[in-house]
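Worksheet for the structure shown next.
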Amino acid sequence: MGNYQLICPSCKTEFTGYTLSCNCPTLLRTVYNTPLKLKSLPGLWRFLDWLPCEKQLDTKAGSIVYKSLGLAKELGLTNLHLAFTGYWPERNAHNLTGSFKDLESNSTVAWAREKGVNALTIASAGNTARAFAHLANHVEYDAFLFVPESCLEMLWTPEPPTENIHLFAVNGDYLETIETANKFCDTKCVQNEGGAKNVARRDGMGTVMLDAAFTMNRLPTHYFQAIGSGTGAIACWEMATRLQTHGWAGNPTLHLSQNAPFVPIYNAWKANRRQILPEDMPNAERSIKQIHAVVLSNRSPPYSVGGGVYEALSNTQGEMYSVTNKEAKEAGTLFESVEEIDLVPAAEVAVASLIQSVEQNKVLKDDWILLNVTGGGLARLKEDFGFYPIQPEAFIRDPNQNLEDILT
Ligand SMILES: [Zn+2]
């Protein structure tokens, strides 16, 4: 039975197995029946009570949360906490692909295995595929990975790749890659990992909010993160909501950021719209090529869907930020100099959004702030492990071509 129910919040239908959706336009949710008791396990497995899997994998992936000294001083903040989900062994951060995505790959593969799913198909703009590739190696689990050809350089593993990894490079952007992966799932009958619809992915990412709450001994007042799809932000909002139902006070305001000139969620939110329209992403193809944080490039994020980004922002009186490449890079340089660790570009965008927020007085000096820096420590990771490039099994030149022809 397990410790949870998988439920559609709209029609209240309960599901079993690796289910991604019902017929309602609403994200399914897990409901955990017992209070959260921390376990003596490494990383995100401390929060196993509130993950849909029953057993942990043999990994140490997970966030670390600590009170900032350097950046806090720089910005004049007294209660700034950082959630770091990269690689920093001295601080007990062991995410071996250097990003937030190590959290979702772990909870997802653990859940999938327990539900009898022996392989997954994943579409990714880079970081997610890398996280699943590493785990495929590490726990011998088959992963079929689809990434835009332009993102191939992000596809490496910290150990030599094994035959569990099946990489396909798509000549298209992230949305076309997602569509190609969906077609592959239908053609080859391999389970789709599901992206934002996957509750295990979201609950794995949501452990950042749990880690923060237990470290700060309260819920934060403000939560900062850069978003492409916004799945991590939805996940942290859901976890905060779960903590509230278990007696924790507070409702963290979401402060989410995108990288200009590609800012569809920012534009839709600023126009008070629940729908993203084509006018929210003019010259999308060109804009995506221009952004510093290429992983923040989803043209079809889970924004309008029930329980998605729009509702998460609405329910927390949230704020959206548009961050230029220059602001992001400057924020990254500042962060590295005062916090002594390098960040991935998306995390630099999040730091820049906090700087904007302080300048615009949207946060106050003594507010309890959680800044989720969603990856970093790559310089050190490369030194300690090395980056082994993953070779694609095939290049898919035309997203509309028949996959039977090229996939064995
Ligand atoms: Zn339903």
Side-chain angles (χ1 to χ4, degrees), residues 1-34 36 49-54 104 107-117 120-123 128 175 178-179 181-186 189-207 209-210 227-246 251 254 256 264-265 268-269 273-277 298-316 318:
M1 264 309 290
N3 59 330
Y4 73 98
Q5 295 159 292
L6 179 58
I7 288 175
C8 168
S10 288
C11 66
K12 311 295 178 199
T13 306
E14 188 176 340
F15 298 89
T16 55
Y18 195 105
T19 307
L20 296 173
S21 60
C22 79
N23 294 323
C24 305
T26 306
L27 297 175
L28 302 187
R29 264 195 203 169
T30 46
V31 176
Y32 294 96
N33 301 313
T34 48
L36 174 62
D49 280 352
W50 282 11
L51 292 174
C53 51
E54 289 181 35
E104 67 188 51
S107 51
T108 295
V109 169
W111 187 52
R113 268 196 169 158
E114 288 177 13
K115 296 299 174 191
V117 174
L120 284 171
T121 299
I122 297 109
T128 301
L175 180 59
I178 290 171
E179 289 164 356
N182 290 344
K183 205 158 67 173
F184 171 82
C185 292
D186 294 343
C189 298
V190 178
Q191 174 69 51
N192 199 326
E193 181 268 341
K197 293 178 184 167
N198 171 1
V199 292
R201 171 192 275 229
R202 300 206 309 274
D203 292 357
M205 298 177 114
T207 58
M209 185 58 78
L210 300 178
I227 60 169
S229 305
T231 310
I234 297 169
C236 283
W237 167 59
E238 287 176 329
M239 265 321 170
T241 308
R242 271 190 199 100
L243 287 168
Q244 287 156 20
T245 61
H246 285 262
N251 183 28
L254 299 189
L256 310 178
I265 297 178
W269 177 251
R273 255 190 282 105
R274 192 178 177 130
Q275 264 70 39
I276 293 176
L277 302 178
N298 192 344
R299 283 194 280 138
S300 181
Y303 177 72
S304 316
V305 66
V309 176
Y310 179 86
E311 279 186 15
L313 285 165
S314 300
N315 281 287
T316 64

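Residue numbers start at 1 and run along the sequence shown. Indexing begins at 1, ligand by ligand and atom by atom, following the structure's order.
Inter-residue side-chain proximity for Tyr4 and Glu54 is flagged as unmet; no heavy-atom pair is nearer than 4.5 Å. Counting heavy atoms from C-beta on, the side chains of Ile7 and Phe15 never come closer than 4.5 Å. Using a 4.5 Å heavy-atom cutoff, the side chains of Arg202 and Arg29 are in contact. Between Trp111 and Asn198, some side-chain heavy-atom pair lies under the 4.5 Å cut-off.
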Practice item. Might you work through the side chain to side chain contact (heavy atoms under 4.5 Å, CB included) test for Leu36 and Leu210, ending with a clear yes or no? Key: CA-CA 9 Å; Leu36 174 62; Leu210 300 178; 4.0 Å; yes
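For the Zn ion (ligand 1), the count of nearby protein N, O or S atoms, meaning those under 2.8 Å away, is 4.
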I'd like a table of donor-acceptor pairs (distance under 3.5 Å, sequence neighbours excluded) in which one partner is a side-chain atom from residues 21-28, with atom names and distances.
| unit_1 | atom_1 | unit_2 | atom_2 | d |
| --- | --- | --- | --- | --- |
| Thr26 | OG1 | Ser10 | OG | 2.7 |

